[in-house]
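Here is the naming used below: chain letters follow the sequence lines, and residue numbers restart at 1 for every chain. The figures that follow rest on heavy atoms only: side chains count, while hydrogens, waters and symmetry mates do not.
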2 protein chains.
Amino acid sequence: MKKEYSDTEIKIKTAAKSLFLEKGYSATTTRDISKESDINLALLNYYFTSKKKLFEIIMLETFYDFISKMVEVYNDEKSTLEEKLRLTSSKYIDMIIVEPHLPTFVVNELKNNPSSILKILKGQIMESKLVDQYNDGVKKGIYKRIDPIHFVTNILSLIVFPFISSPIIIKMKKFSRKEFNEMMYERKKLIPEWILQMIKK
Amino acid sequence: MKKEYSDTEIKIKTAAKSLFLEKGYSATTTRDISKESDINLALLNYYFTSKKKLFEIIMLETFYDFISKMVEVYNDEKSTLEEKLRLTSSKYIDMIIVEPHLPTFVVNELKNNPSSILKILKGQIMESKLVDQYNDGVKKGIYKRIDPIHFVTNILSLIVFPFISSPIIIKMKKFSRKEFNEMMYERKKLIPEWILQMIKK
DNA sequence: TTTTTTATTAATCATTTGTTTAATTCAATT
DNA sequence: AATTGAATTAAACAAATGATTAATAAAAAA
């Protein structure tokens, strides 16, 4: 299934990913990529046929990584709901701090490439162990009965949106990037607590 | 202060806004705009000097509208904190349902045009009546003491992020656009309740 | 070593894109 | 009616861009 990439291909992909993440598809030129990866311009088409195709490969891989990080935790058999919340919050915030352009890239380029890429999602989240555990809690009468989509949406919203709106937050609070990250580290602990308060009766 | 725009200028601006919102700055060409607005290509530069300048005008106005909607409610003298939450939630969701591309556009193009546009924000939110009311609640011991930035961020996250991630939600739940909107109408009521539960001791 | 295949390069092509020019039409002013 | 300035147009320009070609170098197979 997985393709083996040569050194040159990896160089191209690495540079392309970095540029696509930072500037988006349209604002990134093939010459940008060739320069950044230090390969000849023609090699891009030689290996990846077109800019579009190259982008699709990167988009797919990136989105897959983005979702996997969540799905793995959501489907862990041993952990409780609360532990899953803590782990998701922590892992996601760590991941995005390392690659701050990730969420904007994903949500932004997603609206143009919907169905084919979004197939990855099928059932992975709405039929996860986490949602089961939430539904169990509802049956037991400890959690409120609302559509689990709200539960799942809220988790992601509280984790991801602050990164997407980081320019606004940084301006409002006169934060440095470091201070902003500290705010996000704080949220690692806070978000699971908030989510629990939201669902508890 | 406010410039009077001629018919032609309005036609250009309307078309340009629609296209910029949908496809972003780089993916929108001046010929797209000229076609969509049914004006001669040269008129774009005649009235707005350059694509860049035109974009900046639209970006500024759009961001201003986006923020004003919030700021007006946040600074209302008569309403309680709870009423402000309900009104914000309701007005924002209504606004974005009408213009679904708005949030993605704002957050996405914002990272390229930071300081000059973000000046609008200065103090408008963090020194608002809403934040005062939150701080009062903290002093009275009814709300938890956390940095109000979290409070403000959470409101916006729960309202706006679902729209940004609508392709994901729609795919996960096999929603139609109509069903998705109904989910968002549901959230009008839910979000203020959630926020209160998050801050209450 | 020779041959064949693969990888890399510089140059070039055909479009696209933002912008400008010069001519023309339209509207207001004298 | 004649004149002036603004608005509009078609055509063109120069630069940028995605992609291809034909030649060369390197590696693998014979």
Side-chain angles (χ1 to χ4, degrees), chain A residues 2-62 101 105 108-109 111-113 116-117, chain B residues 2-62 101 105 108-109 111-113 116-117:
Chain A
K2 221 171 204 171
K3 194 173 173 256
E4 269 313 314
Y5 288 110
S6 69
D7 284 5
T8 324
E9 285 170 296
I10 291 168
K11 273 168 73 181
I12 295 171
K13 275 183 58 189
T14 308
K17 181 175 179 180
S18 159
L19 288 166
F20 283 143
L21 278 171
E22 191 192 325
K23 321 205 289 172
Y25 175 76
S26 297
T28 302
T29 70
T30 52
R31 279 167 183 81
D32 285 342
I33 298 170
S34 115
K35 244 188 187 167
E36 176 92 3
S37 57
D38 202 40
I39 54 102
N40 186 282
L41 177 58
L43 289 178
L44 194 153
N45 297 285
Y46 179 75
Y47 283 114
F48 296 98
T49 313
S50 71
K51 179 191 168 190
K52 193 92 196 289
K53 284 261 172 61
L54 172 59
F55 176 79
E56 276 162 12
I57 290 169
I58 288 167
M59 182 70 205
L60 194 70
E61 287 185 8
T62 306
H101 293 297
F105 171 77
N108 198 46
E109 305 291 352
K111 67 173 187 211
N112 309 319
N113 299 268
S116 61
I117 287 174
Chain B
K2 221 171 205 171
K3 195 175 171 251
E4 269 314 313
Y5 287 110
S6 70
D7 283 4
T8 324
E9 285 170 296
I10 291 169
K11 272 169 75 181
I12 296 171
K13 276 184 60 190
T14 308
K17 181 174 179 181
S18 159
L19 288 165
F20 283 144
L21 279 172
E22 191 191 325
K23 321 207 289 172
Y25 175 76
S26 296
T28 302
T29 71
T30 52
R31 280 169 183 79
D32 286 341
I33 299 170
S34 112
K35 244 187 188 167
E36 176 91 4
S37 57
D38 202 40
I39 55 103
N40 185 281
L41 178 58
L43 288 178
L44 194 155
N45 296 284
Y46 179 75
Y47 283 114
F48 296 98
T49 313
S50 71
K51 179 191 169 190
K52 192 91 193 294
K53 284 261 172 62
L54 172 59
F55 177 79
E56 276 161 13
I57 291 169
I58 288 167
M59 180 70 205
L60 194 70
E61 287 185 8
T62 307
H101 293 298
F105 171 77
N108 197 47
E109 305 290 352
K111 67 176 189 209
N112 309 318
N113 298 269
S116 60
I117 287 173

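Ring-centre distance between B/Phe55 and B/Phe20: below the 6.0 Å cut-off.
Remark: C1' of C/dT16 and CG of B/Leu41 are 12 Å apart, rounded to the nearest angstrom. Counting to the nearest Å, the P atom of C/dT19 and the CG atom of B/Leu43 are 14 Å from each other. The interatomic distance linking B/Leu54 (CG) with C/dT17 (P) rounds to 16 Å, in whole Å. Residue A/Tyr46 contributes atom OH, which lies 13 Å from atom P of C/dT5 at whole-angstrom precision. Rounded to whole Å, the distance from CG on A/Asp7 to C1' on C/dA7 is 12 Å. Between the CD atom of A/Glu9 and the P atom of C/dT6 there is a distance of 13 Å, rounded to whole Å.
Heavy atoms of A/Ser50 sit under 4.0 angstrom from primed sugar atoms or phosphate atoms, though from no base atom. Within 4.0 Å of A/Thr8, counting heavy atoms only, lie sugar-phosphate atoms of the nucleic acid but no base atom.
Contact of the A/Glu61 side chain with the A/Lys13 side chain is registered, since non-hydrogen atoms from C-beta on lie closer than 4.5 Å. B/Leu54 is listed as a side-chain neighbour of B/Ile33, based on a closest heavy-atom distance under 4.5 Å.
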Apply side chain to side chain contact (heavy atoms under 4.5 Å, CB included) to residues A/Ile57 and A/Tyr5 and explain how you reach the verdict. CA-CA 12 Å; A/Ile57 290 169; A/Tyr5 288 110; 3.6 Å; yes

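Considering CD of A/Glu56 and OG1 of A/Thr49, their distance stands at 10.5 Å, rounded to 0.5 Å. Taken from OG1 in B/Thr30 to CG in B/Asp32, the straight-line distance is 8.0 Å, to the nearest 0.5 Å.
Look at B/Asn45 and you won't find any side-chain N or O under 4.0 angstrom from OP1 or OP2 of C/dG18. In this structure, A/Tyr47 reaches the C/dT8 phosphate: one of its side-chain N or O atoms is under 4.0 Å from OP1 or OP2.
Under a cutoff of 6.0 Å and an axis angle of 45°, A/Lys51 and A/Tyr25 form a cation-pi pair.
You can see that DNA chain D meets the heavy atoms of chain A within a 4.0 Å-exclusive cut from D/dT17 to D/dT21, reading 5' to 3'.
A heavy-atom distance below 4.0 Å to DNA chain D is reached by these residues of residues 22-33 of chain B, ordered by number: B/Arg31.
Between the B/Glu9 side chain and the B/Ser6 main chain, a donor and an acceptor come within less than 3.5 Å of each other.
The nearest pair of heavy atoms linking A/Leu21 to B/Lys111 is O-NZ, 4.0 Å.
Toward the 5' end of DNA chain D, the nearer of the two residues B/Ala42 and A/Lys51, judged by each one's closest nucleotide, is B/Ala42.
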